[in-house]
Amino acid sequence: MTSSLSTSLPTSRIPAPPGKPALRAVPSAVRVAVLAADPFVLAGVSGELKSKPGVHLVDNRDGRDSRADVVVAVPDGTRKLHEVLAGINPEARVVLVADDPRPAELLTAVEHGLAVLLPRKEATTARLLHAINDAYQGRGALPAEQLGELLKGVTRLQREVLEPRDLTLSGLSRRETDVLRLLAEGRDTAEIAAEMAYSERTVKNILHGLLTRLDLRNRTHAVAHALRLGLI
C-alpha cells in the first residue's frame, strides 16, 4: 500500500483524497480490525492505521476481534475470501481492498457485511481512512463494474437457488411474508387462513417453521423482527 500522508495528522479531521471534502473524525474512535493473509501486507496496513485520528486499531493474534466496528480485508489469493473473513464480528462492516474480485467473492463479502470495495491500486492511506469512515457511518461504495457484477450475481442467485425453493432475498418465503403482513394488520389465524385460502393448520405450520428457523419466540416477535428489518 502506498501512503500519501505524513505520519502526523490533525486530530479533528480525516484527510480527503483529491476532489473530496475532508470528513470530521467520528467522536469516538472506530474500532478497526485488519485481516490479510500476507503478513507483510498485514503489517503495512496496520502500521498505516495505527496512529491515525479516529481509528482504534484492534491488535490481537490474528486481527480478529468481536468488538471491531469495521474490518479491513486484504485477500491475496493464498486463502479464499471466506477463510479470511471467518470469525469476524457479524455486526462489523467490511472494507474489501481488492482488484477485480469475482462475483462469488463479492457475494461472500456481502454475506459478511461488505460496505465498501476499494480497488487495491487506489488504496492510499487517505482513501482507506475515508472508506473506513464511510463503512462506519453506513455509506456503501462499489465501483460501477463490480456493482454490475454483483447485481447479476444476485439475480442469478434469485433465479437459480431461491425461486425453486420459494424463497426471496429477504430469507422469507412469499407465503411467510404474506402471513406476517396479515399478522401485522391484526388478523388472527382463521382470518389469515380465509384470506390466503389455506387451512388453519397450514397457517400454523407456516408460522411454526418461520419461528423455528429464525429462532423467534412468538408471533409478536416474528412481526417485530420483520418490521425492524424492513421485510414487510
Side-chain angles (χ1 to χ4, degrees), residues 66-71 73 80-96 101-117 134-232:
S66 61
R67 299 166 301 165
D69 300 309
V70 176
V71 172
K80 294 184 181 299
L81 184 60
H82 71 84
E83 296 173 344
V84 173
L85 294 174
I88 69 170
N89 174 15
E91 301 300 320
R93 297 182 174 101
V94 173
V95 174
L96 177 62
R102 297 189 301 273
E105 291 177 316
L106 280 175
L107 288 173
T108 295
V110 168
E111 289 174 356
H112 286 86
L114 176 66
V116 179
L117 172 60
D134 284 345
Y136 180 75
Q137 297 189 31
R139 296 193 293 264
L142 284 147
E145 57 271 24
Q146 272 75 33
L147 179 58
E149 288 297 324
L150 178 61
L151 292 175
K152 286 192 290 185
V154 169
T155 300
R156 188 163 53 250
L157 175 67
Q158 172 73 22
R159 183 179 63 248
E160 298 177 5
V161 178
L162 298 178
E163 284 184 0
R165 294 165 175 80
D166 190 35
L167 293 174
T168 65
L169 288 170
S170 70
L172 302 177
S173 71
R174 291 177 176 80
R175 295 197 310 173
E176 290 169 339
T177 301
D178 289 341
V179 168
L180 286 176
R181 177 177 52 78
L182 292 170
L183 276 178
E185 293 174 0
R187 311 286 188 92
D188 61 23
T189 302
E191 290 171 326
I192 293 172
E195 173 78 17
M196 298 182 67
Y198 290 156
S199 69
E200 291 188 44
R201 176 176 292 277
T202 296
V203 173
K204 290 178 180 178
N205 287 340
I206 291 170
L207 283 169
H208 176 73
L210 170 67
L211 295 174
T212 301
R213 191 176 75 253
L214 299 182
D215 194 26
L216 301 170
R217 293 188 298 275
N218 50 43
R219 297 181 178 193
T220 301
H221 191 194
V223 170
H225 173 82
L227 289 172
R228 184 170 60 250
L229 297 182
L231 302 181
I232 59 173

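Reckoned from all heavy atoms, side chains included, excluding hydrogens, waters and symmetry mates. Please read these numbers as outputs of a predicted model, since none were measured by experiment.
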Participant: Are the charged groups of D178 and R181 less than 4.0 angstrom apart, N to O?
Facilitator: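 A salt bridge is present here (some side-chain N lies under 4.0 Å from a carboxylate O).
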Participant: What heavy-atom pair brings A222 and L211 nearest, and what distance separates the two atoms?
Facilitator: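 Heavy atoms of A222 and L211 come nearest at CB-CD2, 3.8 Å.
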Participant: Looking at V223 and A184, what are the two nearest heavy atoms and their distance?
Facilitator: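 Between these two residues, the closest heavy atoms are CG1-CB, 3.9 Å.
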Participant: Is the shortest side-chain heavy-atom distance between Y198 and I206 below 4.5 Å?
Facilitator: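 Y198 reaches I206 side chain to side chain.
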Participant: Tell me the side chain to side chain donor-acceptor pair (under 3.5 Å) pairs involving residues 201-212, sequence neighbours left out?
Facilitator: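 Applying side chain to side chain donor-acceptor pair (under 3.5 Å) to every pair that reaches into residues 201-212, excluding sequence neighbours, yields S199-T202.
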Participant: Looking at residues at least two apart in the chain, or sitting in another chain, which of them share a salt bridge (charged side-chain N to carboxylate O under 4.0 Å, His left out) with E195?
Facilitator: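 So E195 forms a salt bridge (charged side-chain N to carboxylate O under 4.0 Å, His left out) with R187.
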Participant: Write down the atom of A68, the atom of A92, and the distance for their closest heavy-atom approach.
Facilitator: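 A68 and A92 have their closest heavy atoms at O-CB, 3.4 Å.
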Participant: Within this structure, what is the CG-CG distance for the pair L216 and L180, rounded to the nearest 0.5 Å?
Facilitator: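 L216 atom CG to L180 atom CG measures 8.5 Å (nearest 0.5 Å).
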Participant: Using the test side chain to side chain contact (heavy atoms under 4.5 Å, CB included), find all partners of E200 that sit at least two apart in sequence or belong to another chain.
Facilitator: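 Listed in chain order: T189, A190, A193.
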Participant: Which heavy-atom pair separates V94 from H112 by the least distance, and what is that distance?
Facilitator: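 In terms of heavy atoms, the two residues are closest at CG2-O, 3.3 Å.
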Participant: How many angstroms lie between atom CG of L214 and atom CZ of R217, to the nearest 0.5 angstrom?
Facilitator: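 So the gap between those two atoms works out to 13.0 Å.
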Participant: When rounded to the nearest 0.5 angstrom, what distance separates CD in E191 from CG in L183?
Facilitator: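 Here the interatomic distance stands at 10.5 Å.
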Participant: Could you measure the distance from the CZ atom of R174 to the CG atom of L172? Nearest 0.5 Å is fine.
Facilitator: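 R174 atom CZ to L172 atom CG measures 11.5 Å (nearest 0.5 Å).
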Participant: Within a 6.0 Å radius of atom CG on N218, are there more than 12 heavy atoms belonging to other residues, nucleotides or ligands?
Facilitator: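 Atom CG in N218 is crowded, with more than 12 foreign heavy atoms closer than 6.0 Å.
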Participant: Does R228 have more than 12 heavy atoms from other residues, nucleotides or ligands lying within 6.0 Å of its CZ?
Facilitator: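 Yes, enclosed.
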Participant: Rounded to the nearest 0.5 Å, how far does CG of L114 lie from CZ of R93?
Facilitator: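 Answer for the CZ-CG pair, R93 versus L114, is 12.0 Å.
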